[in-house]
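Side chains included, hydrogens not; waters and symmetry mates left out as well; all remaining heavy atoms used. All ligand and atom numbering here is 1-based and tracks the order in the structure.
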Amino acid sequence: MKYKLPPGVFDIIPNDPKEKWRSSYLWQYVEKTIREVTRLYGYHEIRTPLFEKTDLFTRSVGESSDIVSKEMYTFIDKGERSLTLRPEGTAPIMRAVVENGLTNQSTVQKLFTIGPMFRYERSQAGRYRQHHQLSVESVGYSSPEQDAELIDMIHTLYKRLGIKKMMIQLNSIGTPKNREKYRTALQQYLQKNIDSLSEDSQKRFHTNPLRILDSKSPNDQQLLEGAPSILDHLDEESNKHFTKVQELLKQLEIPFTINEKLVRGLDYYNHTVFEITAEELGAHNTIGAGGRYDGLIKALGGADLPAVGFATGLERVIQTLLNQQAELPPPTTSSLFLVPLGDAARQYCFTLLHQLRQQNISCEMDFSGRKLGKVMHYADQIDTKYTAVFGDDELTSKQIKLKNMETGESTTVSIEDLARTLNA
Ligand code: HAM
């Protein structure tokens, strides 16, 4: 084949029997559930462009982050501007909040978006160069209830979708001041073993030592075993906030574990951070993650407002549902497939379909005029509930014989009663 997709991207097709997660009916199911849950929690949709000026991400996600330093799809447009395909949703949403003056009307803004994100990552199962996120962001509340509500929301969404086995990991990374102190303590601790650290961690030692905690190298992890904990470096306020978030989660009986090594790879976070991993997903098993980012709106030129949010990767969510054998809806199908025989029947059926659709009945007809066997084979494939052959007899009697494709049974109904029968 001459034209093939570049690595790391994929098509979503109506029904893929081999890679089921690429089936659009499953994406629709997830998106529908997302819309139900976001509505329950009072969040409203926002849609921002797929590209932004590059410095939005450099400024917010951070120069030393993997996303900015290695993974952005950046290009110069014909007007000599540096633009970047959005690698994540938080910075664009906050840019839009400021640019549209949304907080002038109310300082509280509860927003979500669903859409593609772009990162030049090593492409492999669960990691794509175009992936899709639900990004949920709440502006204006600094209280721990807002952190806990978002964790409750993502947990509720996963449960409603059918994810059974997941783990919520929670941490607090405090204020920038707390982190400065912790950074020094961590560097002091690692200094003696700096030469034994992995190459990546050695680089991070000076630029972003907290990210060493995230290292996948078993040797790094061993060296970190006795490392100081960020939780011992939180000030009283941060500690209070973190304790309250935990109390609220316990109050709602949401299970979580504290992971004091969880720091997140984006620079804008403070206080609460969390990640949710799913069982049976393989190496890239983080399905959702988020945290508080109180300084970001101000850094982007807006008011000094607190904010907290999360994002979840839809590919990984659908793959988890399939791997955990969740109960999922079947592909959508039509109620009726009509097979007209002859020109007069064809003309009649064309109007009949139009009328049925006005009554919210999904129905189709054959336009090909191929041999009956072939048309019925197609009807079988599209998995319609009923089929009906419509010829001169039906035209005269205004009676139609509906064949139930699942049971094979036939029932004759008058055209007048057709809509009622199909809706039953
Ligand atoms: P993130 O952890 O970079 O956070 O991404 C969120 C989720 O997107 C991940 O947990 C994962 O499920 C999915 N994801 C990320 N990269 C890929 C990829 N290459 N392929 C497949 N899935 C991927 C953020 O983006 C933050 N904006 C989250 C946030 C919102 N924090 C506060 N508000």
Side-chain angles (χ1 to χ4, degrees), residues 7-10 12 21-22 30 34 38 43 46 48 52 56-57 60-62 65-68 70-73 85-97 109-139 146-147 149-151 153-154 157-158 161 163 166-169 171 173 211 214 262-278 281-297 306-321:
V9 296
F10 55 90
I12 299 168
W21 66 272
R22 297 199 302 133
V30 169
I34 285 173
T38 47
Y43 286 75
I46 182 163
T48 66
E52 299 268 353
L56 171 69
F57 301 111
S60 51
V61 178
S65 67
D66 281 358
I67 294 180
V68 170
K70 302 184 204 159
E71 296 168 359
M72 293 208 300
Y73 277 93
L85 297 185
R86 63 179 187 193
E88 61 102 47
T90 310
I93 293 176
M94 291 310 121
R95 194 264 316 135
V97 164
Q109 294 291 325
K110 294 164 82 179
L111 305 162
F112 76 92
T113 203
I114 305 173
M117 307 292 162
F118 306 86
R119 297 182 189 180
Y120 192 84
E121 296 203 69
R122 199 136 56 84
S123 80
Q124 49 194 265
R127 197 186 248 183
Y128 306 95
R129 291 185 177 165
Q130 173 179 325
H131 72 280
H132 298 73
Q133 282 187 6
L134 158 70
S135 186
V136 179
E137 317 293 346
S138 166
V139 173
Q146 186 56 86
D147 311 37
E149 184 195 68
L150 281 161
I151 296 171
M153 179 175 173
I154 192 170
L157 171 67
Y158 291 152
L161 285 167
I163 295 178
M166 62 183 132
M167 193 166 100
I168 301 174
Q169 297 184 38
N171 196 18
I173 56 170
R211 289 302 313 281
D214 258 357
L262 179 69
V263 285
R264 305 278 299 130
L266 300 89
D267 278 4
Y268 47 61
Y269 291 112
N270 63 352
H271 296 294
T272 318
V273 287
F274 55 93
E275 278 189 9
I276 298 162
T277 51
L281 190 61
H284 302 291
N285 64 351
T286 307
I287 47 174
R292 188 163 270 290
Y293 51 95
D294 293 337
L296 182 59
I297 300 171
V308 49
F310 70 77
T312 180
L314 304 193
E315 293 75 10
R316 293 186 192 176
V317 164
I318 297 172
Q319 288 166 0
T320 302
L321 289 170

> Applying salt bridge (charged side-chain N to carboxylate O under 4.0 Å, His left out), which residue pairs with at least one partner in residues 283-294 are found, sequence neighbours left out?
Replying inline: Asp147-Arg292, Arg292-Asp294

> Glu315 pairs by side chain to side chain donor-acceptor pair (under 3.5 Å) with which of His132, His131, Arg127?
Replying inline: His132

>> According to side-chain contact (heavy atoms from CB on, under 4.5 Å), who are the partners of Met166, at least two apart in sequence or on a separate chain?
In response: His155, Tyr158, Lys159, Ile163, Ile276

>> Once side-chain hydrogen bond (donor to acceptor under 3.5 Å, both in side chains) is applied, do any residues pair with Glu88, and if so which ones, sequence neighbours excluded?
In response: Thr90, Tyr268

> Crowded around Tyr73 OH? As in, over 12 foreign heavy atoms under 6.0 Å?
Replying inline: yes

>> Measuring from atom CG of Asn171 to atom CZ of Arg264, what distance do you get when rounded to the nearest 0.5 angstrom?
In response: 11.5 Å

> Considering only heavy atoms, which protein residues lie less than 4.0 Å from any atom of ligand 1?
Replying inline: Glu88, Thr90, Arg119, Glu121, Gly126, Arg127, Tyr128, His131, Gln133, Glu137, Arg264, Leu266, Tyr268, Tyr269, Thr286, Ile287, Gly288, Ala289, Gly290, Gly291, Tyr293, Gly309, Phe310, Ala311, Gly313, Arg316

